[in-house]
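Presented below is the structure to which this report refers.
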Amino acid sequence: MADSYSLPKIIKFLENRNFEKFYIAQDYASIYAHEVDEIIIEAPDNKIPDEKITFVIEVLKHLNECVSKAYLWLEHFNLKNDRWYPNALDDGFEISGIYFGKYGYGHRHMMSFTDGFTISFCTKNYYPCEFTIKFHKNMHPFSVEEWVQ
């Protein structure tokens, strides 16, 4: 298992351009965080661009606000009539990962791309799906996806 770090420590790594704790390969950088499991950052040519570093730091510093906005989207899910998992959402969600970079959205994922970030959530009670909230660079959510684990 890879080492895990606190968000303030990861922010310091990024501010100091200290990437030795990151796993960097195939145009992505990743690191494990205590609070959010895995953070993945798009890194073209295996280098994190300065503007991306600045953006990631800003989001991580305001992560609680982003999570609050995400919860407004997650509140719309209701499993009370689900035969197998009626209580799956009762204890809420926890962050299972954050991704920074370009990603597809909408019905034509291959044609519609934006540059921003996503926060993925799993339920604290077992439920075989995860939920991903997609954010624009202005830190406002615009989409939610539910997908099978």
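Panel note: side chain Tyr71, backbone Phe93; a donor-acceptor pair is recorded below 3.5 Å. Listed for the Glu130 side chain is no donor-acceptor partner under 3.5 Å among the backbone atoms of Ser96. No side-chain donor-acceptor contact under 3.5 Å links Tyr5 to the backbone of Pro8. In this structure a side-chain-to-backbone donor-acceptor pair under 3.5 Å is present from Asp82 to Tyr85. Side chain of Asp45 to backbone of Lys47: no donor-acceptor contact under 3.5 angstrom is found.
For Phe117, the ring-ring contact (aromatic ring centres under 6.0 Å, His included) partners are Phe55, Phe100, Phe135, not counting sequence neighbours.
Minimum heavy-atom separation, Ala25 to Asn46: C-OD1, 3.4 Å. Pairing each heavy atom of Leu89 with each of Asn78, the nearest pair is CD1-N, 4.2 Å. The two residues Ala33 and Ser4 come nearest to each other via the heavy atoms C-OG, 3.3 Å. Between Ala88 and Asn125, the closest heavy-atom pair is O-CB, 3.4 Å.
If you take CD1 on Ile53 and CD1 on Ile41, they are separated by 8.0 Å, rounding to the nearest 0.5 Å. Note that the CG atom of Leu74 and the CD atom of Glu146 stand 10.0 Å from one another [nearest 0.5 Å].
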For Ile39 and Leu7, run side chain to side chain contact (heavy atoms under 4.5 Å, CB included): C-alpha distance rounded to whole Å, both residues' side-chain angles, the deciding distance at 0.1 Å, then the answer.
CA-CA 10 Å; Ile39 297 172; Leu7 286 178; 3.9 Å; yes

Chi angles and distances behind the side chain to side chain contact (heavy atoms under 4.5 Å, CB included) call for Asp115, Lys52:
CA-CA 10 Å; Asp115 190 18; Lys52 183 76 71 184; 3.1 Å; yes

For Ile95 and Glu35, what are the C-alpha separation, side-chain angles and deciding distance, and is it a side chain to side chain contact (heavy atoms under 4.5 Å, CB included)?
CA-CA 7 Å; Ile95 299 174; Glu35 303 90 342; over 6 Å; no

Step by step, would you call Glu42 with Tyr99 a side chain to side chain contact (heavy atoms under 4.5 Å, CB included)?
CA-CA 8 Å; Glu42 193 174 58; Tyr99 169 79; 3.6 Å; yes

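In Trp147, the CH2 atom is crowded: over 12 heavy atoms of neighbouring residues, nucleotides or ligands sit closer than 6.0 Å. For Lys137, the NZ atom is densely surrounded, since the number of other residues' heavy atoms within 6.0 Å is greater than 12.
Under a hydrophobic clustering in which Ile, Leu, Val, Met, Phe, Trp and Tyr are joined whenever their side-chain heavy atoms come within less than 4.5 Å, directly or via other members, Tyr32 and Ile10 fall into different clusters. Both Leu63 and Val144 sit in one connected hydrophobic cluster of ILVMFWY residues. Membership requires side-chain heavy atoms under 4.5 Å apart, directly or through other members. Met139 and Ile57 fall within a single hydrophobic cluster, where Ile, Leu, Val, Met, Phe, Trp and Tyr are joined by side-chain heavy atoms under 4.5 Å apart, directly or via other members. If you chain together hydrophobic residues whose side chains sit under 4.5 Å apart, Ile119 and Ile40 never meet in one group.
The shortest distance between side-chain heavy atoms of Cys129 and Val148 falls below 4.5 Å. Under the 4.5 Å side-chain criterion, counting only non-hydrogen atoms from C-beta, Lys80 is in contact with Asp90.
A donor and an acceptor atom, one from each side chain of His34 and Ser6, are nowhere located under 3.5 Å apart.
Sorted by first and then second residue, the side-chain hydrogen bond (donor to acceptor under 3.5 Å, both in side chains) pairs involving residues 16-28 (not counting sequence neighbours) are Arg17-Asp50.
Ring pair Phe142/Tyr103 is parallel by interplanar angle, where below 30° counts as parallel and above 60° as perpendicular.
Salt-bridge annotation for Lys61 and Glu58: absent, with no side-chain N of the basic residue lying under 4.0 Å from a carboxylate O of the acidic one.
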